[in-house]
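Step one of this worksheet: look at the structure below.
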Amino acid sequence: MDPRERLNFYKGSVQEFMDTMAKLGPDGEFVASVAQGAFAISDIFVGMGQNLEKTTDKMEKASIVAGAVGQAIGQVNNILQAGYQRNIA
């Protein structure tokens, strides 16, 4: 089982839990957002690893890493926004 398949397996096994949590109000939505963000960040880094294996060019590798870091920062921002929304509600 490759890393992406393993990640999808884990995500599928907790999807019902995340859906249930999202229905429990602001705190549950926050927990679901954290879990979704964690899976998204994991997916970003799995993809980065797979793309790094395909190239030997240093500039392309740097571009892949920078793109993954940018995407991960975006996911952390989404998690923080969910936390702010929880505090407002």
Side-chain angles (χ1 to χ4, degrees):
M1 186 180 290
D2 76 347
R4 183 156 324 270
E5 290 173 344
R6 192 174 304 139
L7 181 62
N8 288 335
F9 171 77
Y10 293 138
K11 185 176 181 181
S13 67
V14 298
Q15 186 64 48
E16 185 177 337
F17 169 75
M18 291 189 302
D19 293 341
T20 302
M21 291 302 293
K23 296 176 186 175
L24 297 178
D27 289 334
E29 290 175 2
F30 174 68
V31 171
S33 294
V34 169
Q36 289 171 345
F39 280 115
I41 291 170
S42 299
D43 188 52
I44 290 166
F45 285 103
V46 166
M48 180 188 74
Q50 291 172 339
N51 290 332
L52 287 174
E53 290 175 354
K54 295 177 185 176
T55 186
T56 59
D57 182 51
K58 289 182 181 181
M59 289 302 291
E60 191 172 343
K61 285 184 176 190
S63 173
I64 291 168
V65 170
V69 169
Q71 290 174 345
I73 290 170
Q75 287 301 319
V76 170
N77 183 49
N78 291 341
I79 293 169
L80 291 174
Q81 288 299 321
Y84 296 143
Q85 292 301 318
R86 181 192 67 175
N87 291 337
I88 291 171

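The first residue in the sequence is number 1, and the count goes up from there.
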By side-chain contact (heavy atoms from CB on, under 4.5 Å), which residues pair with A40, not counting sequence neighbours?
Q75
Non-neighbouring partners of A68 that pass side-chain contact (heavy atoms from CB on, under 4.5 Å), sequence neighbours left out:
I44, M48
Between CG of N8 and CE of M1, what distance do you get to the nearest 0.5 Å?
10.0 Å
Test item: N51 side-chain N/O and G47 main-chain N/O as donor-acceptor pair under 3.5 Å:
yes
Show, in sequence, the C-alpha distance, side-chain angles and deciding distance for V65 and V69, and conclude whether the side-chain contact (heavy atoms from CB on, under 4.5 Å) test is met.
CA-CA 6 Å; V65 170; V69 169; 4.3 Å; yes
Treat each ILVMFWY residue as a node, draw an edge where side-chain heavy atoms are under 4.5 Å apart, and state whether I64 and I73 are in one component.
yes
Rounding to 0.5 Å, atoms CD (E5) and OH (Y10) come to a distance of 12.0 Å
Name all pairs fulfilling the salt bridge (charged side-chain N to carboxylate O under 4.0 Å, His left out) condition that reach into residues 18-34, sequence neighbours left out, sorted by first residue then second.
D27-R86
Which pairs pass salt bridge (charged side-chain N to carboxylate O under 4.0 Å, His left out) with one or both residues in residues 34-51, sequence neighbours excluded?
R4-D43
Considering only heavy atoms from C-beta outward, does the side chain of R6 approach that of V46 to under 4.5 Å?
no
Audit row: V76, I41, side-chain contact (heavy atoms from CB on, under 4.5 Å) steps and yes/no:
CA-CA 8 Å; V76 170; I41 291 170; 4.0 Å; yes
Salt bridge (charged side-chain N to carboxylate O under 4.0 Å, His left out) pairs, two or more places apart, involving residues 44-64
none
List, by chain and number, the other hydrophobic cluster members for I79, where Ile, Leu, Val, Met, Phe, Trp and Tyr join if side-chain heavy atoms come within less than 4.5 Å, directly or indirectly.
F30, V34
Tell me the salt bridge (charged side-chain N to carboxylate O under 4.0 Å, His left out) pairs involving residues 72-84, sequence neighbours left out?
none
